[in-house]
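Counting starts at 1 for both ligands and their atoms, in listed order. Only a predicted model underlies this, so the values are computations on that prediction, with no experimental measurement involved.
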Amino acid sequence: MRKALVCGAGGFIGSHMVKRIKKEGFWVRGVDLKFPEFGETDADDFIKGDLRDPYVCRQAVDRRFDEVYQFAADMGGAGYVFTGENDAEIMHNSGLINLNILDTCRNRNIKRVFYSSSACIYPEYNQMDPDNPNCEESSAYPANPDSDYGWEKLFSERLYLAYCRNFGMEVRIARYHNIFGPEGTWSGGKEKAPAAMCRKVAMAEDGAEIEIWGDGKQTRSFLYIDECLEGTLKLTRSAWTGPVNIGSDEMVTINQLADMAMEAAGKTLQKKYISGPLGVRGRNSDNRLIHEKLGWRPQKPLMDGMAKTYRWIENQVKSNA
Ligand code: NAD
């Protein structure tokens with residue numbers, strides 16, 4: 001029986017990945033500080049532990065796994081990552097997790113390790129124009145991410161690549177661009193824009209106002225979780241290391257994202273612009289390389305995913321009222 005380890009299995013992408021590879025017939029162990037928030041884990045075995053601790057890593061990696069997925073990180077949406085207040089924690093926590101888990105895998109002679117990097121590694125100077133951001137993979141250097149979260153991701157990419165070069169590991173690296181969907185954080189400050197927008201719309205009476213950070217003209221793209229998992233599995237099982245973007249290239253403004261949430265809800269709301277942490281001005285996934293190397297790229301329209309996510313968040317809002 002094939003075996004997989006999912007680090008960060010209590011989080012959004014990790015818990016969905018556990019479900020997905022269980023369906024493929026894997027024996028799956030999950031590790032996380034916490035169990036999944038919105039449902040039972042599907043993992044055969046779940047270690048509730050801190051991957052900053054090398055002892056926990058050794059416990060988790062007590063056998064040869066065919067595939068290891070590393071999603072554990074100290075992260076959140078713009079309200080957590082871009083204020084500057086959490087930089088030291090983010091770098092310390094995520095840095096230690098990656099250093100520990102990768103070295104433990106090497107000691108166990110595990111080859112295939114997937115690492116989830118981020119579009120936040122791309123230099124700020126290429127993302128000033130909201131209509132024309134450059135996120136081609138090769139544009140990562142000379143490096144100048146706009147957050148320490150991005151710098152840690154870049155450091156860890158290099159760490160995984162060095163283990164690949166020096167120790168013969170078969171690491172696979174994706175740079176995710178804003179993944180969203182049901183069972184993701186939707187309140188509390190660590191939620192991302194699609195979930196925040198769905199929550200604001202779900203909580204507002206028809207005709208009322210919702211708050212938007214900035215002028216709403218900043219652009220982004222958002223990828224639905226199912227397509228993220230598909231790309232991740234294709235990359236992990238390919239013969240190619242990456243790093244490669246896994247994201248949608250359907251770029252929208254935050255205003256358009258808000259409109260989609262309203263459309264899903266059947267509500268018309270006014271937008272009130274307030275100051276808030278914004279991140280870069282524009283960002284979009286460049287999918288030429290993934291298509292060239294894997295013959296695949298995400299294709300589903302954003303509105304499909306927004307409709308599914310809206311319905312789930314609306315239910316959460318109702319059941320928490
Ligand atoms: P998430 O916050 O839902 O999941 C991360 C999980 O890691 C959490 O469950 C958390 O408890 C766990 N974790 C944190 N510190 C830990 C520790 N010391 N020991 C054990 N577990 C620990 O985030 P997500 O959205 O599922 O993202 C997964 C990965 O993908 C992260 O590495 C993230 O940086 C990367 N990524 C995500 C996105 C996105 O849009 N979701 C975009 C770019 C990159």
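Side chain of S285 to main chain of D249: no donor-acceptor pair is present (N/O by atom type, distance under 3.5 Å, no hydrogens or angles). Side-chain atoms of N287 come within 3.5 Å of backbone atoms of G247 as a donor-acceptor pair (strictly under, hydrogens ignored). Looking at E67, its side chain never comes within 3.5 Å of a backbone N or O of Y69 through a donor-acceptor pair. Although no hydrogens or angles enter the test, the distance criterion places no donor-acceptor pair under 3.5 Å between the side chain of E157 and the main chain of I173. D44 places a side-chain N or O within donor-acceptor distance of the main-chain N or O of V28, the cut-off being under 3.5 Å.
L161 places none of its side-chain heavy atoms less than 4.5 Å from the side chain of Y115.
When hydrogens are left out, the protein atom nearest atom 42 (C) of ligand 1 is Y176 CB, 3.6 Å; that is the closest non-hydrogen contact. In this structure, the protein non-hydrogen atom closest to atom 4 (O) of ligand 1 is G11 CA, 3.5 Å. Remark: minimum distance from atom 26 (O) of ligand 1 to any protein heavy atom is reached at I13 N, 2.8 Å. Among all non-hydrogen protein atoms, the one lying nearest atom 21 (N) of ligand 1 is L33 N, 3.4 Å. Looking only at heavy atoms of the protein, atom 14 (C) of ligand 1 is closest to A73 O, 3.3 Å. Regarding atom 28 (C) of ligand 1, its nearest protein heavy-atom neighbour is F71 O, 3.3 Å. From the protein, the heavy atom lying nearest to atom 40 (O) of ligand 1 is I179 N, 2.7 Å. The protein heavy atom nearest to atom 32 (O) of ligand 1 is K153 NZ, 2.9 Å.
Remark: ligand 1 and S116 share an N or O pair separated by less than 3.5 Å (distance only, no angle test). Between D32 and ligand 1, at least one N/O pair is under 3.5 Å apart. Between L51 and ligand 1, a contact under 3.5 Å exists for at least one N or O pair. Looking at A119 next to ligand 1, no N or O pair under 3.5 Å apart turns up. Of the N or O atoms in F12, one or more lie within a sub-3.5 Å distance of an N or O in ligand 1.
Relative to atom 27 (O) of ligand 1, the option among M17, M75, K48 with the closest non-hydrogen atom is M75.
Salt bridge absent: R288 and E137 never bring a charged side-chain N and a carboxylate O closer than 4.0 Å.
With a 4.0 Å cut-off on non-hydrogen atoms, N178 touches ligand 1 through its backbone and not its side chain. Contacts between V31 and ligand 1 below 4.0 angstrom, taking non-hydrogen atoms only, are absent altogether. At a heavy-atom cutoff of 4.0 Å, ligand 1 is contacted by the side chain of K192 but not by its backbone. At a 4.0 Å heavy-atom cut-off, ligand 1 does not touch Q70 at all. With a heavy-atom cut-off of 4.0 Å, S117 touches ligand 1 through its backbone alone.
Counted within 6.0 Å of CD on E24, heavy atoms from surrounding residues, nucleotides or ligands total more than 12; the atom is thus considered enclosed. Summarising the local packing, CD of E89 is surrounded by 12 or fewer heavy atoms from other residues, nucleotides or ligands at distances under 6.0 Å. Residue M303 qualifies as enclosed at atom CE: its count of foreign heavy atoms under 6.0 Å is above 12.
Under a 4.0 angstrom heavy-atom cut-off, G49 registers as being in contact with ligand 1. At least one heavy atom of Y149 sits closer than 4.0 Å to an atom of ligand 1. Distances from ligand 1 to the non-hydrogen atoms of N93 include no value under 4.0 Å. H177 does not count as a contact of ligand 1, since none of its heavy atoms falls under 4.0 Å from the ligand.
Taking the six-membered ring where the residue is Trp, W27 and F65 present parallel rings, their angle staying beneath 30° rather than reaching 60°.
Near I97, meaning under 4.0 Å from any of its heavy atoms, are these atoms of ligand 1: 15 (N), 16 (C), 17 (C), 18 (N). Atom numbering of ligand 1 starts at 1 in the shown order; those under 4.0 Å from a heavy atom of A72 are 7 (O), 21 (N), 22 (C). Shown in contact with K34 at under 4.0 Å from a heavy atom are these atoms of ligand 1, numbered in order with element: 9 (O), 11 (O). Those atoms of ligand 1 with a heavy atom of G10 less than 4.0 angstrom away are 9 (O). Residue D50 approaches ligand 1 through these ligand atoms, each under 4.0 Å from one of its heavy atoms: 17 (C), 18 (N), 19 (N).
A pairwise comparison of heavy atoms in F12 and G181 identifies CZ-N, 3.5 Å as the closest pair.
Remark: of the listed residues M262, E209, E211, M262 is the sole one forming a side-chain contact (heavy atoms from CB on, under 4.5 Å) with K271.
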task = Tell me, with the steps shown, if E191 and R199 meet salt bridge (charged side-chain N to carboxylate O under 4.0 Å, His left out).
result = CA-CA 10 Å; E191 67 279 14; R199 185 199 66 231; 2.7 Å; yes
request  = Applying ring pair (Phe, Tyr, Trp, His ring centres under 6.0 Å), run through W312 and F38 and close with a yes or a no.
outcome  = CA-CA 11 Å; W312 181 80; F38 305 108; 4.9 Å; yes
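Side-chain atoms of Y122 and R175 form a donor-acceptor pair, as typed in the model, at a separation below 3.5 Å.
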